[in-house]
Structures are given as C-alpha cells and as structure tokens.
Amino acid sequence: MSNLFATQSSSIRADQVMSGVAERPQTLRVARGNVWVTIEGLRADFWLSCGDTLALPAHRLVVVEAHGQNAEVAVSAAPSAGGTARLGTLFGTLGRYVSDRTKPSTSPADCPARS
C-alpha cells in the first residue's frame, strides 16, 4: 500500500490500494479511471469516476482503490475558506464530515464521455 499524500498525483494499478492521512483538508480528483474511496469515521463509501472530485477531511485515514482498470488521482489543497461557504460548514452539514462531489471542467482528452 502506497501513501496517497506522498505526491500530488498518483497512478494506481487496477485493484491496488493507496492510503494516507492528510494534515489539512485536501481535494481528491480522479484524472483517469474509476476509484472506490473510504474515509475513516464515515458510514458511506464513495465511487468516483474520471473528472469527479471529493473533499477529504484532515486527520482521517483515506483509502483509495482503483476499480477494474488503472486509475490516476491528484490531491491538492482544499479551497480556502471564504465567500458564502466556509470549509468547516461543508464538512459539518451531514454528520461531521461530508463529501463535496463536483464535476470540474475537464477536456474530452482527460476523461472519455459517459453514456
């Protein structure tokens, strides 16, 4: 098992696992493939596809598994607090921590079209 937070971008072979604990909130983006994500302390797991993002809380074990094919994920600092939604509010809405699953703009070259 490799450390998810050791680099900004990681390739995960099919059915392989990466894990780690972030010191501060992070955002996980799937750049290729499909992944299964579980976060310590949450009852729900997450199935993400190319182009999906997920807000990751600090100080929780995060496990990511490539599902069925090789995948690539990128981890970056979570957006800074400000505007109308503070990061703490996002994490505090449903249970103590909540995923913020969004569809960032991606080019067709990055992610194949979904049917």
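Just so it is clear, the model here is predicted, and its values are computed rather than measured.
- Of all the heavy atoms in V21 and L61, the pair that sits closest is CG2-CA, 3.8 Å.
- For A66 against A71, the heavy-atom pair with the smallest separation is CB-CB, 3.9 Å.
- When every heavy atom of S19 is checked against every heavy atom of V63, the shortest pair comes out as CB-CG2, 4.0 Å.
- The side-chain heavy atoms of F46 and V35, taken from C-beta on, include no pair separated by under 4.5 Å.
- Across A14 and G68, no two heavy atoms sit closer than the pair CB-C, 4.0 Å.
- For E72, the salt bridge (Lys or Arg N to Asp or Glu O under 4.0 Å) partners two or more places apart in sequence, or in a different chain, are R32.
- Classified by interplanar angle (parallel below 30°, tilted 30° to 60°, perpendicular above 60°), the ring pair W47/H67 is perpendicular.
- The heavy-atom pair separating I39 from P57 by the smallest distance is CG2-CG, 3.9 Å.
- Proximity of Q69 to N34: side-chain heavy atoms (C-beta onward) are separated by under 4.5 Å at one or more points.
- Side chains of L48 and L28 form a contact here, defined as non-hydrogen atoms less than 4.5 Å apart.
- Residues meeting the ring-ring contact (aromatic ring centres under 6.0 Å, His included) test with H59, sequence neighbours left out: none.
- One distance of note links CZ of R29 with CD of Q8; it measures 13.5 Å at 0.5 Å rounding.
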